[in-house]
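Each chain gets a letter, A, B and so on, in the order its sequence line appears, and its residues count up from 1.
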Amino acid sequence: MSHEPHSPPPIEAAAGGHAHAAVHPAGDQPLVGHLVPMTTLVVTACALLVLTCITVAVRYMDIGEFNIYIALGIAVIKASLVALFFMHLRWDRPFNMIVFFGCVLFVVLMMGFCLMDTSQYRHEQINGNPPLVAETLLQNAPNAPVGRFDQ
Amino acid sequence: MIQMINTLSTALLAAQDAVTPATFWMPEGASTVSADVDWAFMFVTWVSYFFFALIVGLMIVFVIRYRHRKGERFRTDGMTHHGPLEALWIIIPLLISIAIFFFGFKGYLDLAQPPKNTFDIEVVAKKWQWSFTYPNGAISTNMDGLFVPAGKPVRLIMRSYDVLHAFFVPNFRVKRDVVPGRRVALWFQCDFPTGEDASKAYNFFCAEYCGTGHSNMGGKVYVLGETEFAEWMAKQANWIEDIPDDQLYQIAGPKLYAQCSQCHTLDGSTGQGPSWKGIMDRISAGTGKFTNGQSYADIIGPGKVYETPEDYIRDSILNPGRYIVQTFTNVMPTFKGQMNERKIDAVIGLMKHLDQFDSKGKLLSGTAAK
Amino acid sequence: MTTLEAHKPETLDIHASSDNYLTHSKGFISWACTLDHKRIGVMYLVGVLGAFFVGGIFAILVRTELLAPGPTIVGPFAKWMGMDPADVYNQWFTLHGAIMVFLVIIPSIPAALGNFILPVMLGAKDVAFPKLNLFSFYLWVIGALMAVLSLLMGGFDTGWTFYTPYSTTSPAGGVIPIVAGAFILGFSSIFTGMNFIVTIHKLRPPGMTWFKMPLFLWAIYSTAIIQVLATPVLAITLLLLIIERTVNIGIFNPSMGGDPVLYQHFFWFYSHPAVYIMIVPAMGIVSELISVHSHRHIFGYRFIAFSSVAIAMFSFIVWGHHMFTSGQSALMNTIFSAISFSVGIPSAVKVFNWTITLYKGNISLNTPMLYGLAFLFLFTIGGLTGLHLATLSVDVHLHDTYFVVAHFHYVMMGSALIAMIGGLHHWWPKITGRMYNENWGRFAWVLVFVGFNVTFFTQFMLGSQGMPRRYYDYLPEFQTYHVISTVGSYIMSVGFFITAGYLLASLVNGKRAPANPWGGRSLEWQCPSPPPHDNFKTPPRVGDCYDFSIVRWSDEENGYVVDRSLDPSLRENPTPAKGH
Amino acid sequence: MGRLSRILHLEWDGDTRDAFSDSHARFQAGRMGMWLFLITLGILFASTIFAFVVVRLQPDPATGWRPTDEPGIPGILLISTAVLLASSWTLTRASAAIVGDQRRQGRQWIERSLILGSLFLVLQAVGWIDMWRAGVYIDSSLYGWTFYVLTGLHAVHVLGGLIPMGVVAARARRGTYSRLSHSGLTYCSMYWHFLAGVWIVLYLTLWLGSM
């Protein structure tokens, strides 16, 4: 890789939303490292820890169905924090941010729809190991561990 | 909105007093929901006719009118965009879509919500057979057909034994996948009896791909009048008990064999399972091998796994996976719960007296009734 | 802009050198190790067309078997392979579906034509990551080899959807290799998509703004987004399926508290967008075909461009309409039905815009244009019958019948593959440097078009009358339609064989292709046919790629040239050129 | 260049078909490609975790989710979590050192990350052995299945990250990276931070799910 030495352009310019990379002078920008202030990293790490504690606390509080949604919500927030600060998405091009949150949205939609669906048909599910299924499984897959649920 | 559509479609649909006849698109419609589904189908179809004619018509006209010949200068007076026109063909399809959605939704509400007072039939699907258990304990399979009372909402409570299956009656416009591990319900109501005439009865199919026998996993739906149905159900529940003991295998044997005939032949040719021809001789000779290396002689006999050949056959019907005859694979489902002792006796009787039956399992004339 | 420059036809450097990407270097290794997107595109094209041939053979076998109820031609095969006749048929239709979906239609337009055309159309030297590009091609090859391996290990009969629990318990021996193959093909698709997104973002030359891009690039871009976002879900689903089949337990297995419907959610979360991976690039091709061959500015450029993106977005939230009868709850059925109609709107916008593009055009009925018009015809049918299937109560009746089979063949074959063949004809002179025989092309088109409609239109009636899909045996009352359909498939395959014949013949004795045989305006027509190793010697001049007013026929080029002296803004009294 | 070397370097045609005008543009494109790749992997992990959540929410009422005779998530995973986070941290230090033109420290930090990353895998293996010894097998229950599959999937990705990190370490040893040119290190650390983030979510899900 060849490059002429020059001072790296300020980070803000990189995130400025220009249509073209070519507006910047040649050369790699040091995007990783000392540019994120240590305090920011420490604060983010603390936030992650606090969120983890909240998840655990919620787990011990019995609030039924909402548990899972709160836990998933916190997981999304944590993933976003990691991406934004540890992975420098916060200072990256806006397109990457759009893509990232677009994906989060799709994943949330997918999960939301599937969870809505499974909770709707849960009453149809046969409790315990459906005996007929167990028998077939024993035949088709002799090593399948179905015995324990047999009533 | 739903109210409006309700009134609209009630006005459009005259009360039904006969099955709707088959059309170019749809087969005869015989259930209480079929007319509604057909109406929605035809509505969408007419919308499709219109837009198809519009687009293809314009396309043909333009292609003829604006043909280009080599060397001519290009005309450039065509417009490149037109906001209101674009808006128009966003809004019109949108409105039509909303209307279609509501017609479909309304029909689906009927399909998805069974009325309160349904007549329930327990259905079990397995590779590649349906069995129907009626409230009085009567059982029929897809070989016999499904029998339902006319004029009553019927609910099928379905379970699957192995993989996904789907119960589909085209004439009733109903379909539902049977998911293993779940109890799923499907309901319909047919007001017009067909009687026990197979040519008038409706077809049902397995619509979810389930392997080898998928395309033959269907049968007939017979719709009977109320009293006829009650009689049929009573007869069906007790048919095996009503047969005198000395004729048990002769009468019940062929009927039961129909369930086995997909895999076990009587003429010696190989099917999914071993042929029954000479089965008792093979067992008494004791030489036939199993996949685990043992032979008949190793497991049948006093003090062995099975005291008698009959014990072995009984267990093969109830626990088919235990011993697999060599060169065959473990595909037979268990008949536990479907075959009582009397039925098993009848099957064993058939095996012992194969000379009295033809290769299709029909009793040869002259041997009937001693 | 000087007058001197304006009078210089832009295709001048066609004569500059006889060096092109085909002759640049020679030998097997120079192809196998190439990083040139054009060569990779050609290799994809050969592979995809080969797979299309194999998949087509299975299609013909399936159709022939259905000539009559009961076993028709499966008997000898069943005896030979020691299988039940029904299983032979089940393997055929599964192979047909799996090969056509995973090996043919998904990679056909983006990976084969896209790889060749995208950088040239964009005015770039190559894609952003050439090594990754070659790597995805080899992933495709490995995926194809896995399909062969699965055949050697006993085939598979699960249907291309691999629904659990059938796929986890099916006795066929080749299920794991083919599922692993589909997994690998998924990654091939992901890497291609990533490459294209970055290429379009980072390698547009000066002047090539987003709204100067040809619509094919918008379509490829939208497709790439779907490939990157949806394919991982399929990958993980297939991986879990393989583990489940190996250890006999897993999250899709109901006997241990797993859920087979969850498999369907996961599968269709990918596979519905995958339908758009197939159709959106086809729409991109058709936008090119129709505007170039009617030499007329595309109507409503921005609406077509945005509708590609809109389709890509909507495609993620409508997967549930594959599951209306599959045990999905009534609530979700209703929600998915409502959202599903939303995909119809951008599709309708495109169809109307293409139709209006013909209005006041200069239409040349070249073979590519005929395929473009066939697309318009067939996609209209395929799209409108989609309305039936999105309508809840109607879909309950039609689901898993031949109506669905007909619908998705109209969309996936009648639209995606027909557009791909149209695109192949359109860019054939560019790829090979040879012209094929137009008359044979038109004749084969007639056979394909007629044969297609005969084959698949009958299946709409079959389906609505109640014939379920994936049946090798059927009730006698369905036979008439099945026979017509089979005859149609024979007509169509004759058409395809003729196509293969004249295209191959053109390689031997075809006329040399000019740089611009159709009068196109986008950048790929401004470099020689076939393009040189580096695509453009000098950075190309980007203009409005749908402005045909400055394109004229040139006898000495025996093709069209972009003649800037025709630009009205350069002349003193600009009068629009009239054709009639 | 020898024939074989030309093949191995995919430079048969004599060029690498680099379409970028300068290294900065190439680096920007590389970062974007890396982001897209991570998004792909993120969706892959998110769907796996989500599949876990769905089956976890419909346990068998008779036996519950975790069979009573099977232990919870092994405690050693807590240590491995700390080790993975530490390796993420050392990689951050490595980038900082390289950017600050302290190549020697940079090299050392990269090597430390490599060691910590390998240690993580060892600890994961110990966790698996713990579970195995306690009688939790991949086919004994969905609890065991999800444990092995989810941790295994992550471990495979960690393994896949150690290889490029080894290459980065070797390059750092050769002094390839400078203040202005260290794209390989950047891509590697993006991937590594991503894996650490995924592991935190994965570990918490497994742990909460086991209760």
Please state whether the side chain, the backbone, both or neither of [X] comes within less than 4.5 Å of a heavy atom of chain C.
| X | value |
| --- | --- |
| B:Val37 | both |
| B:Ala166 | neither |
| B:Asp38 | neither |
| B:Leu111 | side chain |
| B:Val56 | side chain |
| B:Phe43 | neither |
| B:Glu28 | neither |
| B:Leu54 | side chain |
| B:Ile96 | neither |

Is any side-chain heavy atom of [X] less than 4.5 Å from a side-chain heavy atom of [Y]?
| X | Y | answer |
| --- | --- | --- |
| B:Tyr108 | C:Phe324 | no |
| C:Asn362 | B:Arg75 | yes |
| C:Phe299 | B:Glu86 | yes |
| C:Trp354 | B:Ile55 | no |
| C:Ile356 | B:Trp89 | yes |
| B:Tyr66 | C:Arg296 | no |

Notebook entry, point to check: Does C:His399 offer a backbone N or O that forms a donor-acceptor pair with the side chain of B:Lys175 under 3.5 Å?
Noted result: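 Yes, because the side chain of B:Lys175 sits within donor-acceptor range (under 3.5 Å) of the backbone of C:His399.
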Check: Are the side chain of B:Tyr209 and the backbone of C:Asp157 linked by a donor-acceptor contact shorter than 3.5 Å?
Finding: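 Side chain of B:Tyr209 to backbone of C:Asp157: a pair is present.
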Item checked: By side chain to side chain contact (heavy atoms under 4.5 Å, CB included) - contacts of B:Tyr49 (at least two apart) ->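 With sequence neighbours excluded, B:Tyr49 shows a side chain to side chain contact (heavy atoms under 4.5 Å, CB included) to B:Trp25, B:Thr45, B:Trp46, given in chain and number order.
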Next item on the list: State yes or no: are the ring centers of B:His81 and C:Tyr301 separated by less than 6.0 Å?
Entry: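 Centroid distance B:His81-C:Tyr301: not below 6.0 Å, so no.
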Next item on the list: Kindly compute the distance separating CZ (B:Arg73) from NE2 (C:His295), expressed to the nearest 0.5 Å.
Entry: 13.5 Å
Notebook entry, point to check: Relative to chain B, which segment of C:Ser307 carries a heavy atom at a distance below 4.5 Å: side chain, backbone, both, or neither?
Noted result: neither
Next item on the list: Can you tell which part of C:Leu358 gets under 4.5 Å to a heavy atom of chain B, answering side chain, backbone, both or neither?
Entry: both
Margin query: Only pairs of heavy atoms separated by less than 4.5 Å count here; which of C:Gly159, C:Pro171, C:Gly466 has the most with chain B?
Written below: C:Gly466
Margin query: Tell me which of these, C:Thr168, C:Ile381, C:Asn353, has more heavy-atom pairs under 4.5 Å with chain B than the rest.
Written below: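 Of the options given, most contacts go to C:Asn353.
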Next item on the list: Spell out the residues in residues 339-348 of chain C that have some non-hydrogen atom less than 4.5 Å away from a non-hydrogen atom of chain B, in order of number; otherwise answer 'none'.
Entry: C:Phe341, C:Ile345, C:Ala348
Next item on the list: Specify which of B:Phe62, B:Phe168, B:Phe172, B:Phe51 makes the most heavy-atom pairs with chain C at under 4.5 Å.
Entry: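 Heavy-atom pairs under 4.5 Å are most numerous for B:Phe62.
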